[in-house]
Amino acid sequence: MNEQAGTMNQKLNVLRAGVLGANDGIVSTAGLVVGVAGATGNTMTLLISGLAGLVAGALSMAGGEYVSVSTQKDTEKAVVEAEKVRLKEDYEGEVNELTDIYMANGLSEQLSRQVALELMNKDAIGAHAAAELGIRPGEYVNPWHAAFSSMFAFSIGAILPLLMIVLMPPPVRVLFTVIAVLISLALTGYISAHLGGAPKWPAVLRNVVVGALTMGLTFTVGTLL
C-alpha cells in the first residue's frame, strides 16, 4: 500500500508540475505578446516575438529543471553512499536509529526494533533510505525526463496566447487574447489546487489576478514606447 501511495503521489506531482509549467507558459507569453501588441499591430512582429518568447522560455524551463533535478539526484546518491559507510562502521547504531524512527511514528520499542532488524536483514540500505530520506536507492529522479516534461508543458501553455494574438482580427486581438488567457489561467489554477488538495477559488483568483496584472502592465509599457 505504501509503495502504491508513493507511486500515486509521484504521478500527481508530475501532473501538477506539468499544469504549473503550462501556467508559466501562458502567463509569460501572454505578457510578451500583449506588451508587443501595445507597441505595434504588425502581425509578423507579434508572431516573431511570440515564437522567440516561446522558445526562450521553454529552453529556460528545461535547463532550470535539468540543473535542479540533477543536483537533487547527485545529493540523493551522496547521502546513500554516506549511509553505506555508516552501516559498515556502526551497524548496531544504525539499528537503534531506525528503531527510534519507528518509535517516533507510534510503534512500541519492542515492535520497532523487530521491524528495524527484519527490514535491515533484508535490505539495510533500502530500509534506512526509505525511513530517513524518503528515497529508494537506484530509483532516482531523471533530470532529462524533468527537463523535457517542463519544456513540453511550457510550450503547450505558450501556444494559446500566441495563436490568439496572431489569428484574431487586429481590432479585437488583444481583447480576445486577454479573455482566452484569463479563462485558461482560471482552469490551470483550479486543476493545480484540485491536485494539491488546496482550496480552489483562492488559487483561481490568484492566477487570474497575476495574469491580468502581467498583461495590463506589459500592454501599458508597450503603448508608452
Side-chain angles (χ1 to χ4, degrees), residues 4-38 46-47 49-69 72 134 141-168 172-223:
Q4 292 178 349
T7 301
M8 180 59 67
N9 286 335
Q10 289 180 14
K11 290 181 179 179
L12 288 176
N13 285 335
V14 170
L15 183 56
R16 186 160 54 244
V19 172
L20 294 175
N23 189 84
D24 288 343
I26 294 171
V27 173
S28 62
T29 305
L32 174 62
V33 296
V34 168
V36 174
L46 291 171
L47 176 61
S49 62
L51 285 175
L54 187 157
V55 173
L59 292 177
S60 176
M61 290 284 289
E65 281 295 310
Y66 179 81
V67 171
S68 175
V69 174
Q72 178 185 344
V141 288
N142 188 324
W144 286 109
H145 181 268
F148 283 117
S149 296
S150 181
M151 182 172 65
F152 178 76
F154 183 95
S155 300
I156 291 297
I159 286 174
L160 172 68
L162 177 57
L163 290 179
M164 292 297 295
I165 204 74
V166 171
L167 298 180
M168 288 293 104
V172 296
R173 63 178 23 149
V174 172
L175 175 63
F176 274 76
T177 299
V178 169
I179 293 173
V181 165
L182 294 182
I183 292 174
S184 300
L185 291 176
L187 182 61
T188 57
Y190 184 91
I191 293 174
S192 62
H194 176 72
L195 293 174
K200 298 176 179 60
W201 296 117
V204 170
L205 182 61
R206 284 195 300 268
N207 249 20
V208 170
V209 169
V210 168
L213 285 174
T214 300
M215 290 183 289
L217 290 172
T218 55
F219 183 76
T220 300
V221 171
T223 57

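All values derive from a computational prediction rather than experimental measurement.
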All heavy atoms of K200 vs all of Y190, minimum pair found to be CD-CE1, 3.2 Å

Between the CG atom in L185 and the CG atom in L205, the distance rounded to the nearest 0.5 Å is 12.0 Å

dist I191:CD1 -> L187:CG (nearest 0.5 Å) comes out at 4.0 Å

Smallest heavy-atom separation, V204 atom then G189 atom, equals CG2-C, 4.2 Å

Q.
Applying side-chain contact (heavy atoms from CB on, under 4.5 Å) to L217 and V221, what does each step give before you reach the verdict?
A. CA-CA 6 Å; L217 290 172; V221 171; 5.5 Å; no

Heavy atoms of A203 and A193 approach each other most closely as CB-CB, 3.7 Å

Residues P161 and T177: closest non-hydrogen pair is O-CG2, 4.1 Å

Ignoring hydrogens and angles, tell me if any N or O in the side chain of S150 forms a donor-acceptor pair with the backbone of A146 under 3.5 Å. no

The reported gap from CG in L59 to CZ in F154 (rounded to nearest 0.5 angstrom) is 9.5 Å

Residues at least two apart in sequence or cross-chain that pass side-chain hydrogen bond (donor to acceptor under 3.5 Å, both in side chains) with T188, listed by chain then number, are N23, N207

Q. Taking C-beta and beyond as the side chain, do F148 and M151 meet within less than 4.5 Å on heavy atoms?
A. yes

- With a 4.5 Å limit on heavy-atom distance, are the side chains of I156 and F152 in contact? yes

Discussion item. Determine whether a donor-acceptor pair (N or O, by modelled atom type, separation under 3.5 Å) exists between the side chain of S184 and the backbone of A180.
Written reply: yes

- request: Start with the C-alpha gap between L182 and M215, add the side-chain angles, then the distance that decides, and say whether side-chain contact (heavy atoms from CB on, under 4.5 Å) holds.
  value: CA-CA 10 Å; L182 294 182; M215 290 183 289; 3.8 Å; yes

Can you list, pair by pair, the side-chain donor-acceptor contacts under 3.5 Å of residues 25-35, counting residues two or more places apart and other chains?
unit_1 : atom_1 : unit_2 : atom_2 : d
S28    : OG     : D24    : O      : 2.8
T29    : OG1    : G25    : O      : 2.9

Closest non-hydrogen contact found for V166 with R173 is O-NH2, 3.9 Å

Practice task
List the steps, then state whether side-chain contact (heavy atoms from CB on, under 4.5 Å) holds for F219 with T223.
Solution key: CA-CA 6 Å; F219 183 76; T223 57; 3.7 Å; yes

Distance col, row L20:CG vs M61:CE, nearest 0.5 angstrom, shows 8.5 Å

Note: L162 and G50 closest approach over all heavy atoms is CD1-CA, 3.6 Å

